[in-house]
Amino acid sequence: MRIRYIIAALVIAATPLAAQTPIYLDENKPVDERIEDALSRMTLKEKIAMLHAQSKFSSSGVPRLGIPEIWTTDGPHGIRPEVLWDEWDQAGWTNDSCVAFPALTCLAATWNTEMAALYGKSIGEEAVYRGKDVLLGPGVNIYRTPLNGRNFEYMGEDPYLAGAMVAPYVKGVQSNGVATCVKHYALNNHEVNRHNTNVIVDDRTLYEIYLPAFKAAVQEGGTWAIMGSYNIYKNQHCCHNEYLLEKILREEWGYDGVVISDWGGTHDTDQAITNGLDIEFGTGTDGLRAGTTNAYDNYYLAYPYYEKILCGEVGTEELDAKVRRILRLAYRTSMNRSKPFGSLCSDAHYAAAREIGGEGIVLLKNDGDLLPMTVERDAKILVVGENAIKMMTVGGGSSSLKVQREISPLDGIRERFGEIAEVVYERGYVGDVTGEYNGVTTGQNLSESRSAEQLIADAVAQAKDADYVIFVGGLNKSDHQDCENTDRAGLGLPYGQDQVIEALAAATDRLIVVNVSGNAVAMPWGSEVPAIVQAWYIGSEAGHAIADVLSGDVNPSGKLPFTFPVALEDVPAHIFGEYTGVSVRDTVDIEYKEGIFVGYRWTDMQKKTKPLFAFGHGLSYTKFEYGKPVIDLKKMSPDGTVKVTVSVTNTGDREGQEVVQMYVGDRKSSLPRPVKELKGFSKIRLAPGESREVTFVIDSDDLSFFDPEKHEWVVEPGMFDIYIAAAADDVRGKVSFEL
Ligand code: GLC
């Protein structure tokens, strides 16, 4: 008997381990081999099952082969709480609270790629800890109209800035073995009629403005997933659009990841088969609304596709191509055995949220250096406004979260100053007293019985003898504010806030307005208010980050990622009338008639109208002086570069960070070009009195524009200007050279 065991042991020992582990499960084998092996073992039904959702946020694996399901999660600012298998409502877990990181406009406003990397790493750790394979974000749709309800989720008006900030975020998330799913690709630039807007845009505008951030996410960031958008382009829904998904994304950019539909963005089986969609989610066969049995079999890429193959109407070539891409995603994520365990609600994540928030807050105005606050013992600080107390992490659509905690601006101000000063609160106005989204409630009771007049009178009464009056207002995450699936009705602040601010400005010259929003707002009272701070939706650490800046513990260094217009009439998307805001049932054409002249590209060309605050604007508590920029060559060869160096000095009395911006202008071109376009930036930290040289290397890519006739980027010889600036409207120096 013993001899038999010995022989068996010898046989097993002699059998190379690999023979026991099938290739598709063998870590040591190249991924392509593992993909082919897995594919060869799958049945037709198993392949089809991988192409579509099986629940609200998951798609099938292959249980028989031990290939796991793929779990996706919203959103770009934090990991969404668990919902029921086939419902939007809460599963009621008690261990799925998260850290709410700042909204991506705030991240963009840091102009700090290290913050983007820190953000991606941190949120990716929360995602992998929660067992998620795909993070449904970040969003990089360009800010074309200040009415877009989802601008708060995106990274502003400039494709270069958005591209520079999205790539490190993608890498940070994916370092955890979690895929980013960069969205919404493409041309989803407002929310009204988002399912039925057919965007008409010329190729040059598409390639120069609306694609570059996605291209950077693919080619610099290496994103493993992309989400198609709801809208239509060239009369095909973007979730199965041959131009965007096959021609541009895969053929021109060499993208090897998967394309996931937006929830309910799939509308046609044939197009979904041939135009590059890989995984269909949220389709209206109740996958989006109430659950019904076998709804998922009715998905466009489910039984209808299976039937077309069975009756020979279509082959399996596209099917295998889709399954290969999904298996590649699986090996990167759900089947990635070397990914970290991650972490949830850690001190490091709260610290990251607070740091990013502090770096993203923009000091818009600071007359008389009213800020930073210097609070004497027994001083009186009055805080006014609903946004000082209202939770902002609940609502806004799919980016809504269930946070472990959220420090409100009032909390933060009380914590920072409450020991030595009296901090008084007045409501000032009533905005939206609700506080619930998909079953997550804020638990706040914001009810208020006083009239609008009484609320203003009470605030003014308290303001008269206050050493500081801090009005915290802006927008919120309710419908027609900063909220998915709706747009704003206008540029102005809602809820009568302008009246409150004007009344306070008349009562005190110590007024600070903190605007909490993800969009530009009108400020008719701007000249009467000495200090204005743009504070974004900062999430769990909002109050801490705001108090850090108001107190001067943090010297603000944020810069606007989009233009603040004085009025809607100054915005080209509204000048040319191609934004109606009216909800309709049928497909509506919206032509982007302003073309490439979005944001500062437009305002730079206006002689009369100036923006309220320009793209790239942001003040500091110290001062920075720029030396004359120096260029190393007066002539550049097409395959060469020129270097522009500028010395920046902190001439103030405290440390601070400055974002040195570099724009390129082409003096003469065969097609109209903007006065200047952002092609580089560098954020530097300088001690008082310290100088630093910043060098920008400019190559021909930075000089090129997209020629739609040739369908390629072209550089034309001639004179070019390099602008060194502290904002789009604050040029500190210019040098020129000839190509
Ligand atoms: C939503 C959003 C998308 C989100 C998805 C899942 O409609 O457009 O950003 O990730 O559906 O919630």
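In this chain, numbering begins with 1 at the start of the sequence shown. First listed ligand is number 1; within each ligand, the first listed atom is number 1.
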Verify whether one side chain among Tyr154 and Asn148 offers a donor that lies under 3.5 Å from an acceptor in the other.
no

With sequence neighbours excluded, tell me which residues meet side chain to side chain donor-acceptor pair (under 3.5 Å) with Asn198.
Asn235, Asp589

Suppose we measure from atom 1 (C) of ligand 1 to each protein heavy atom; which comes out shortest, and what is that distance?
Glu484 OE2, 3.2 Å

Test item: side-chain donor near acceptor, Tyr210 and Asn189, under 3.5 Å:
no

Just jot down the ligand 1 atoms closer than 4.0 angstrom to any heavy atom of Lys183, in number order.
3 (C), 4 (C), 9 (O), 10 (O)

Among non-hydrogen protein atoms, atom 6 (C) of ligand 1 lies closest to Asp74 OD2, 3.3 Å

Arg194 and ligand 1 - part of the residue with a heavy-atom distance under 4.0 Å
side chain

Return yes if a side-chain donor-acceptor contact under 3.5 Å exists between His52 and Tyr303, otherwise no.
no

Which of the atoms of ligand 1 are close to Arg80, meaning less than 4.0 Å from one of its heavy atoms?
12 (O)

Between Asn485 and Arg194, does any side-chain donor sit less than 3.5 Å from a side-chain acceptor?
yes

Region of His195 that comes within reach of ligand 1 [heavy atoms, distance under 4.0 Å]:
neither

For a quick check under 3.5 Å, do Ser334 and Glu69 share a side-chain donor-acceptor pair by atom type?
no

Of all the atoms in ligand 1, which lie at a distance below 4.0 Å from a heavy atom belonging to Ser398?
2 (C), 3 (C), 4 (C), 9 (O), 12 (O)

Which heavy atom in Ile79 sits nearest to a heavy atom in Leu135, and how many Å separate them?
CD1-CD1, 3.7 Å

Closest to atom 7 (O) of ligand 1 among protein heavy atoms sits Tyr230 OH, 2.6 Å

Checking side-chain hydrogen bond (donor to acceptor under 3.5 Å, both in side chains) between Glu82 and each of Lys402, Gln90, Arg130, which is the one that passes?
Arg130

Under 4.0 Å between heavy atoms, the region of Lys56 that gets near ligand 1 turns out to be neither

Atoms of ligand 1 under 4.0 Å from any heavy atom of Leu136, numbered from 1 in the order shown, are 10 (O)

Check contact between Arg150 and ligand 1, using heavy atoms of the residue and a distance below 4.0 angstrom.
yes

Using a 4.0 Å cutoff against the non-hydrogen atoms of Met227, which atoms of ligand 1 qualify?
10 (O)

Here's a test for you: under ring-ring contact (aromatic ring centres under 6.0 Å, His included), which of Trp85, Trp71, Trp263 qualifies with Phe57?
Trp263

the protein heavy atom lying closest to atom 11 (O) of ligand 1 turns out to be Asp262 OD1, 3.1 Å

